Amino acid sequence: MWQVVGHEWAVTLFENSLAQGRLSHAYLFTGPPRIGKTTLALNLAQALNCTGKDKPCGECLSCQKTSQGIHPDVRMVDLAYQKGLLEGREGSTALGIDAIRSIQSDAALKPFEGRWKVFIIPQAENMTPEAANCLLKTLEEPPSHVVLLLTALHTDLLFPTIVSRCQVFNLRPPSTTLIREALGRRWDLEGERAHLIAALSAGRMGWAVEAAQNQALLRERNGRLDELLSLPGARRLERLSFAQRWGSQPERVKEILTLWLGWWRDLLLAKEGCWDKMENIDRKNTLLEEAEKHELGEIKEFISSIRETLHELESNVNLRLALEVLMLDLPSKR
Amino acid sequence: MKLSCLQENLSRGLAIVGRAVSLRSVLPVLHNILLATDQSQLKLSATDLSTCITCWLGAKIKEEGATTVPARLLVDFVNSLPPEQIDLELVTRTQTLHLKCARTEANIKVIDAQEFPLIPTGIEDRKITLQPDALRQMIEQVTLAAATDESRPILTGALADFQEEKLTLAAADGFRLSVRSAPLSEPVPEPMKVIIPARALQEVGRVAAEEGEPVEMTIPSARNQVLFHLAGGALGGPIEVVSQLIEGNFPDYKQIIPTSYNTRTVVDSKEFLRAAKIALLFARDAANIVRLQMTPGEGEPGSLTLAATAAEVGDNVGQIDATIEGQAMEIAFNGRYLIDILNAIDSAQVALETSTPSSPGVFRPVGDEDFVHVIMPMHISR
């Protein structure tokens, strides 16, 4: 039973490859955050070493060890792994060459329990250039019992030499209907809440599961939305103090801006009457009221302002300054 | 799990398996030692996913069970106890191991045994029997040439080549090569070649040093591992060392061994070793370069001169008697490699075959046809 939600085409392809025993030595899963890239990689690792009939069965010892992260032949090569190598000392925030060298010497040894040695490198774009170059040789022709699984946001973030050595799966976010069904089936979440979480997730299955398990996530989102709603009516001073407050927390700002982007997109949809595509379905009425207050052009302009700010966040901008500019761009209430 | 055993036995068993515990590891359970009851014995296992060591020791089993205990704490704790009986009891509810010895008690947090990797045990029918002394010497002579640098994983292993009634072990690190063969008591059913990590072999050698009984070796049909089974004795149970095999093709080492020579120097190995040690005192500050000069004698015995010079330290020249066949010549080797190989030879004399200052030198113990060691020379500028 594949645990991953959506991505049926990839799953079918893997099922066929497994049945025929024709696997590639390296796969690269790309796609937006939290859509299930690593889950798919783990599932594939389970399927490779599964001893049950319907692979991955999820019940045999091998599958269970893989999902608990204690399978001796399945290695999750992430920052936690790197920290383990450094014997607990704090390492850098990028995956360094030592981690790659360690998997290389590890890869030379035959599998311990299973049939395959699987190395999963999540967020491969987080490798240092030295690490990425060091990986090339292994990625090109790993020992015959080794499968490498990489995930990344986009192929453009990796060296072309890495991408060309992998079979690339460009994963798309699963549909909200699929997510709603999965929430009901596996996390016992039905009705209004499932509907809302699925819509809000916008395809980010990982977020949906987290929101289903953690109530605080939705509460926080509500707080942020209220804040957002108050801003167009606020005066300049208040807006700038908002920029000052968040100017030192780049990670949170990204979340907030993504939320806003969703909100303004909904406004655009509301203005045009496309109700069924909306994310923030619990605030339909507010959306409708707000949509009345803004011109179509204003909304479009602000959406591109948010996008520009998000883009600037990637390129080492002064965060507070960027937020201040965004605040000044924010259309006022009429 | 509930059992009692003697502190001496447990301490020795832990010392044997403790060598396989990995210091830096990504699986927390690998920092632990597996304790399990096995029939009427206590089984101890440790692994770093490359080498696994398991040993069995006599114990009074009151209740079957298994668990894993942090190695460092357990070893230090048991070693500090008086030589008396230790009672161990696993409290499953709290996942702690209760230990009691004389008037000391302790509770140690454990990790469930289910999380520990499955270590294959038991000898198969298709086994190869080796004499412990011969095996130990073979391992010592060969593994010294294996690479310690992980950048070329295949060279960190030793090639074990089984052909009919002969086992050949070979290892090389790019600068030196050791090849050693030994007869087998019975022919192998089919020829096979496997690459065994040198570290694992060294562990086998260490354990075999205390053995009198033959060592049994088996390669399970999946061909992922090699298992050495030592009947044991002192601890009342066998010891097993399992190693993951290295995947890949070992370089064709036969090409590296020169087939001819211009100069053959036969010297007393002990004297050679002493001269090399003295030369290294100076050479260690100058890239370990030790220069060897072979001077054939006219009618009388020739001599081998070892010289080392370090610009800021000083220099040294040592001369030993040698029987030299062929022309005079000069060649330089890494002094450390000379010492390694001379230490591992136990024959009275050693022969050094050389042809030019830039081609490899071949070391052969006189009277032992089964061992060959090749060292690449160092470049000497004049």
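Atoms considered below: every heavy atom in the structure, side chains included; atoms not considered: hydrogens, waters and symmetry mates. By convention in this document, chain letters (A, B, ...) are assigned in the order of the sequence lines, proteins followed by strands, and residues within each chain are numbered from 1. Because the structure is a prediction, the values reported are computed rather than measured.
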Evaluate the ring planes of B:Phe250 and B:Tyr253, with Trp represented by its six-membered ring, and classify them as parallel (under 30°), tilted (30 to 60°) or perpendicular (over 60°). perpendicular

Segment of B:Pro28 engaging chain A (4.5 angstrom heavy-atom cut-off): neither

Hey, are A:Asp73 and A:Lys65 close enough for a salt bridge, meaning a charged N less than 4.0 Å from a carboxylate O? no

Heavy-atom contact with chain A under 4.5 Å, split by part of B:Gln225: side chain

Contacting moiety of A:Gln104, where chain B heavy atoms sit under 4.5 Å: backbone

With the side chain counted from C-beta on, respond yes when A:Glu113 and A:Ser62 share a heavy-atom pair under 4.5 Å apart, and no when they do not. no

Does CG belonging to B:Asn249 count more than 12 external heavy atoms closer than 6.0 Å? no

Heavy-atom contact with chain A under 4.5 Å, split by part of B:Leu245: both

Considering only heavy atoms and a distance below 4.5 Å, find which of A:Ala107, A:Pro111, A:Pro143 pairs most often with chain B. A:Pro111

Taking only heavy atoms into account, what residues of residues 110-117 of chain B are found under 4.5 Å from chain A? B:Gln114, B:Glu115, B:Phe116, B:Pro117

Which residue out of A:His71, A:His145, A:Met76 racks up the most heavy-atom pairs below 4.5 Å with chain B? A:His145

Can you confirm whether B:Arg72 is buried at CZ, in the sense that more than 12 heavy atoms of other residues, nucleotides or ligands lie under 6.0 Å from that atom? no

Between A:Phe14 and A:Phe169, is the gap from one ring center to the other below 6.0 Å? yes

Examine the side chains of B:Trp56 and B:Gln39 and answer whether a donor and an acceptor come within less than 3.5 Å of each other. no

Can you tell me which residue among A:Leu135, A:Thr128, A:Ile121, A:Asp78 is in a side-chain contact (heavy atoms from CB on, under 4.5 Å) with A:Leu95? A:Ile121

Part of A:Arg115 lying under 4.5 Å from any heavy atom of chain B: neither

Do NZ/NE/NH1/NH2 and the carboxylate oxygens of A:Glu59 and A:Lys53 come within less than 4.0 Å? no

Lys/Arg-Asp/Glu bridge criterion (N-O < 4.0 Å) met for B:Asp173, B:Arg176: yes

Taking every non-hydrogen pair under 4.5 Å, which of B:Ile246, B:Val242, B:Leu118, B:Leu27 racks up the most with chain A? B:Leu118

Engaged part of B:Thr47 at the chain A interface, taking heavy atoms whose separation is under 4.5 Å: side chain

